[in-house]
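One is the number of the first residue; the rest follow in order along the sequence. What you see below is based on every heavy atom in this structure, not just the backbone, and it leaves out hydrogens, waters and symmetry mates.
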Amino acid sequence: MVFRVLPVDTPTLGDRSYLVHDGTSAFVVDPQRDIDRVLDLAAAEGVTITHVFETHIHNDYVTGGHALARATGAAYHVNADDPVTFDRVPVRDGDVVAVGDLLRVRAIATPGHTFTHLSYALRVAGVQVAVFSGGSLLYGAVGRPDLLGPAHTHDLVHHQYRSAHRLAGDLPDSAGVYPTHGFGSFCSAGQSDATASTIGAEKRTNPALTKAERTFVDDLLAGLDAWPAYYAHMAPANSAGPAAPDLSQPERADAEQLRKRLAGGEWVVDLRHRVAFAAGHVAGTLNFGLDGSFATYLGWLVPWGTPLTLLAETPDQVAEAQRELARIGIDRPAAQATGDPAGWAGDHGLESFPRATFGDLAQVRHHRPVVILDVRRHLEHAEARIDGAVHIPLHDLPARLGDVPEGEVWVHCAAGYRASIAASLLAAGGRQVVAVDDDFTAAAGAGLPVSRVAA
């Protein structure tokens with residue numbers, strides 16, 4: 001039985017696409033917007049992409065399906081009930097699509113993540129071998145049922161449970177499971193470290209298949225937290241049939257232009273690691289390091305449509321950031337600059353702020369009062385927190401800077417990445433700030449009073 005399933009990972013968004021082929025003909029499931037990765041992979045495999053399948057109208061990224069179909073001439077399969085404005089080959093529950101001589105793809109209605117979600121079961125030479133489950137059945141979890149709003153969550157969570165059971169009942173235990181979400185994506189309701197699975201394995205471990213429906217529903221809803229604000233823009237973009245992104249280099253900005261952009265209220269984003277940023281940066285710039293979930297947090301916090309200028313050490317880093325941003329619909333940075341931060345600042349010099357550990361925070365509290373700001377999400381804070389800390393989740397901070405008490409602010413998250421973003425926002429607003437660059441698990445051992453939820 002000759003076929004290959006090749007994942008195309010986008011770890012920064014926690015998503016995965018798939019190229020599947022029989023040595024000659026290929027289909028793609030849920031391609032990301034930067035389709036050059038898929039085209040290069042198909043070329044390396046020596047196969048022709050003839051079909052593209054969407055499991056759903058995505059909430060967490062801009063699809064490359066429409067652009068890939070146009071570039072290759074492939075048939076673009078989207079649920080017939082999705083209200084899109086472009087030409088597609090409509091598919092419904094039970095439809096079977098032939099890909100080459102050996103591959104047969106059957107659409108299975110699996111509502112839950114969205115109302116029109118489809119999974120695609122693959123037969124090869126008559127044998128059921130896999131299912132591409134999108135945001136339905138994930139590894140040890142399922143896709144979130146709340147992204148269409150609270151009015152629909154109750155119905156969708158019950159749909160999600162029943163869809164998982166439909167897949168488990170329709171497919172053999174040996175069938176491989178290939179989800180789009182679940183690799184750190186905010187579209188996943190729960191996370192697993194698994195990188196591969198089967199229907200049989202999910203029957204043994206997935207809460208949707210091991211718990212009673214009421215217990216599953218209650219547990220899943222209790223575990224939901226905020227999702228990135230840019231999600232609101234993804235479904236409309238995907239329903240319109242997005243084109244491939246323009247990844248050409250933005251115009252270069254010198255020190256004077258950077259000052260003008262900052263003065264005009266634009267966002268100038270420094271892509272360097274938080275250690276380098278804290279040591280010296282242009283006043284008013286914000287730190288979203290490429291070493292973390294850069295696009296997720298920048299897309300979450302920036303007022304949609306605000307011009308962005310990117311600062312990086314190398315042109316390759318700017319290009320990487322452009323690619324990440326294009327995946328969530330931020331197409332063209334207004335400008336860019338590379339090199340040394342002293343050159344970006346010109347005659348105005350650089351600003352800095354200290355970094356510290358939780359041990360440092362424990363010590364400083366013996367000598368003077370400081371404000372402790374916790375920027376983790378609500379569920380993280382509910383599980384364990386430093387007594388007396390002010391809690392403002394990072395995604396709320398831009399609108400709530402005025403709620404941070406006066407005084408020297410020591411800001412922390414779970415590991416340091418979000419704390420640096422928050423520290424840069426506070427510093428840009430003129431606050432005296434210290435970024436705690438440490439793992440929160442060290443807080444209690446450092447002598448800080450930490451309250452935890454009883455087990």
> Is Asp36 salt-bridged to Arg323, going by a charged N under 4.0 Å from an acidic O?
yes

> Classify the side-chain pair Arg37/Thr10 by whether it contains a donor and acceptor separated by less than 3.5 Å.
yes

> Indicate yes or no: does Asp347 engage Arg259 in a salt bridge with an N to O separation below 4.0 Å.
no

> Would you check if the side chain of Arg431 reaches a backbone N or O of Gly407 as a donor-acceptor pair within less than 3.5 Å?
yes

> Anything under 30° is parallel, anything over 60° is perpendicular, the rest tilted; go ahead and classify Phe115 against His152.
perpendicular

> Under 4.0 Å between a Lys/Arg side-chain N and an Asp/Glu carboxylate O for Asp374 and Arg385?
no

> With a 4.5 Å cut-off on side-chain heavy atoms, are Leu147 and Cys187 touching?
yes

> Are Leu448 and Arg365 close enough that some pair of their side-chain heavy atoms sits under 4.5 Å apart?
yes

> Classify the ring geometry between His181 and His58 as parallel (under 30°), tilted (30 to 60°) or perpendicular (over 60°).
perpendicular

> Quick check for you: to the nearest 0.5 Å, what is the distance between Leu286 atom CG and Leu298 atom CG?
8.5 Å

> Do Thr63 and Pro242 come close enough that some side-chain heavy atom pair is under 4.5 Å?
yes

> Please determine whether side-chain hydrogen bond (donor to acceptor under 3.5 Å, both in side chains) holds for the pair Asp246 and Ser248, giving the CA-CA distance in whole Å, both sets of side-chain angles, and the decisive distance to 0.1 Å.
CA-CA 6 Å; Asp246 177 3; Ser248 61; 2.7 Å; yes

> Quick one: pull up CD in Gln317 and CG in Leu271 and give me the separation to the nearest 0.5 Å.
7.0 Å

> Any salt bridge between Glu380 and Arg418, counting N to O under 4.0 Å?
yes

> Any donor-acceptor pair under 3.5 Å linking the side chain of Asp30 with the backbone of Thr180?
no

> Do you know which two heavy atoms are closest between Trp410 and Ala356, and how far apart they sit?
CZ3-CB, 3.4 Å

> Checking Asp82 against Thr116: is there a side-chain donor and acceptor pair closer than 3.5 Å?
yes

> Ion pair present between Arg327 and Glu324, side-chain N to carboxylate O less than 4.0 angstrom?
yes

> Strictly below 4.0 Å, N to O, side chains only: are Glu54 and Arg88 in salt-bridge contact?
no

> What are the two closest non-hydrogen atoms of Ala422 and Val375, and how far apart are they?
CB-CG1, 3.8 Å

> Please name the pair of heavy atoms, one in Cys413 and one in Gly416, separated by the smallest distance, quoted to 0.1 Å.
SG-N, 3.0 Å

> Which atom names give the shortest non-hydrogen contact between Gly143 and Gln160, and what distance separates them?
O-NE2, 2.9 Å

> Ser163 and Ser136: which non-hydrogen atoms are nearest, and at how many Å?
CB-OG, 3.9 Å

> Main chain of Trp304, side chain of Tyr230: is a donor-acceptor contact present, judged purely on distance under 3.5 Å?
no

